[in-house]
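Report on the following structure.
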Amino acid sequence: SSYGWIMPAPRGGPPPHPMKHGRSAARRTSWRSWSGTVFRQDSAAVETSGYASDEVFSSAMETCSLILMDWKLSDPALHKKYTGVEQDVIRRHAQTLAQGDTPFIIRMPIIPTVNDNEEHFTTAAELFKDAKKLIRIELLPYQPSAGAKYEMVGKSYRPDFDEAKPLRYYTSAFVFKVGGALTLED
């Protein structure tokens with residue numbers, strides 16, 4: 001699991017800092033990430049695509065001790081095609097996060113022939129290279145079982161890419177530009 005470095009949280013009660021546009025999880029005990037970052041006892045984390053109003057995103061940065069943000073596509077046209085939304089808000093929030101004081105993890109889902117290219121990896125590395133609170137970048141390989149989510153809501157899943165094509169990882173961009181803060185998820 002990509003959350004293996006977070007100590008289990010006690011169960012019970014809603015989180016004290018509910019966030020819009022993301023899933024939040026309150027932590028009642030202090031915990032330490034694998035990088036040594038210690039989070040306060042009343043910590044909250046949010047997982048987000050970054051697509052939110054500036055007010056909501058700023059509130060998350062002020063309220064949360066950890067932000068997990070997706071970086072899906074570096075190319076604005078492909079981002080619009082595959083996600084249905086413009087990338088400018090997400091890019092602005094990624095830059096704000098990179099310049100801020102809130103610890104964060106970037107999660108990059110890698111899709112065969114869509115974003116498994118050198119440009120995507122290099123753009124992400126450049127965007128986050130000077131981020132002082134970046135804990136790590138996670139590369140999340142495409143999972144063919146993703147189509148099951150569509151069926152659950154009565155839609156059909158017809159990807160316009162070859163799901164069986166092997167993924168290409170251009171990790172050298174991160175090794176030199178982010179100092180190796182990179183993990184590859186199974």
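Computed from a predicted structure; not experimentally measured.
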Does [X] pair with [Y] as a salt bridge, N-O distance under 4.0 Å?
X	Y	result
D160	K81	yes
D116	K165	no
E47	R107	yes

Can you give me the closest heavy-atom contact between [X] and [Y], atom names plus distance?
X	Y	answer
Q87	P76	OE1-CG, 3.5 Å
E119	D75	OE2-OD2, 4.4 Å
A124	S74	N-OG, 4.1 Å
G50	V89	O-CG1, 4.0 Å
W71	A94	CZ3-CB, 4.0 Å
D162	P112	O-CG, 3.5 Å

Would you check if [X] and [Y] make a side-chain contact, meaning some heavy-atom pair closer than 4.5 Å?
X	Y	result
D70	I90	no
F121	N117	no
M61	T96	yes

task: Give the C-alpha distance, both sets of side-chain angles, the deciding distance and a yes or no for side chain to side chain contact (heavy atoms under 4.5 Å, CB included) between E138 and I106.
output: CA-CA 6 Å; E138 296 176 349; I106 293 299; over 6 Å; no
message: As an exercise, state the distance from NZ of K133 to OG1 of T102, rounded to the nearest 0.5 Å.
response: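 The NZ atom of K133 sits 8.5 Å away from the OG1 atom of T102.
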query: When rounded to the nearest 0.5 angstrom, what is the spacing between NZ in K80 and CG in D88?
result: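 Going from NZ on K80 over to CG on D88, the span is 10.0 Å.
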Would you say [Y] ends up clustered with [X] if hydrophobic residues are merged whenever their side chains have heavy atoms under 4.5 Å apart, either directly or through other cluster members?
X	Y	answer
Y169	L127	yes
M108	L78	no
I111	L167	no

- request: For F161, look at atom CZ and say whether over 12 heavy atoms of other residues, nucleotides or ligands are found less than 6.0 Å away.
  value: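 Enclosed: over 12 neighbouring heavy atoms sit under 6.0 Å from CZ of F161.
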Tell me whether [X] contacts the main-chain N or O of [Y] through its side chain, where contact means a donor paired with an acceptor under 3.5 Å.
X	Y	value
T83	H79	yes
N115	K72	yes
H120	L73	no

- request: May I have the step-by-step check of side chain to side chain contact (heavy atoms under 4.5 Å, CB included) for Y142 and V114, ending in yes or no?
  value: CA-CA 10 Å; Y142 174 75; V114 175; over 6 Å; no
message: Any donor-acceptor pair under 3.5 Å linking the side-chain atoms of E151 with those of Y157?
response: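 No donor-acceptor contact under 3.5 Å links the two side chains.
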query: Is there a side chain to side chain contact (heavy atoms under 4.5 Å, CB included) between I110 and L140 once you walk through the steps?
result: CA-CA 6 Å; I110 308 301; L140 310 172; over 6 Å; no
- request: Could you check whether the rings of H93 and F57 sit parallel, tilted or perpendicular, using 30° and 60° as the cut-offs?
  value: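 Ring orientation of H93 relative to F57: parallel.
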message: Quick one, L68 with F104, criterion side chain to side chain contact (heavy atoms under 4.5 Å, CB included). Give me CA distance, side-chain angles, the key distance, then yes/no.
response: CA-CA 6 Å; L68 295 94; F104 68 102; over 6 Å; no
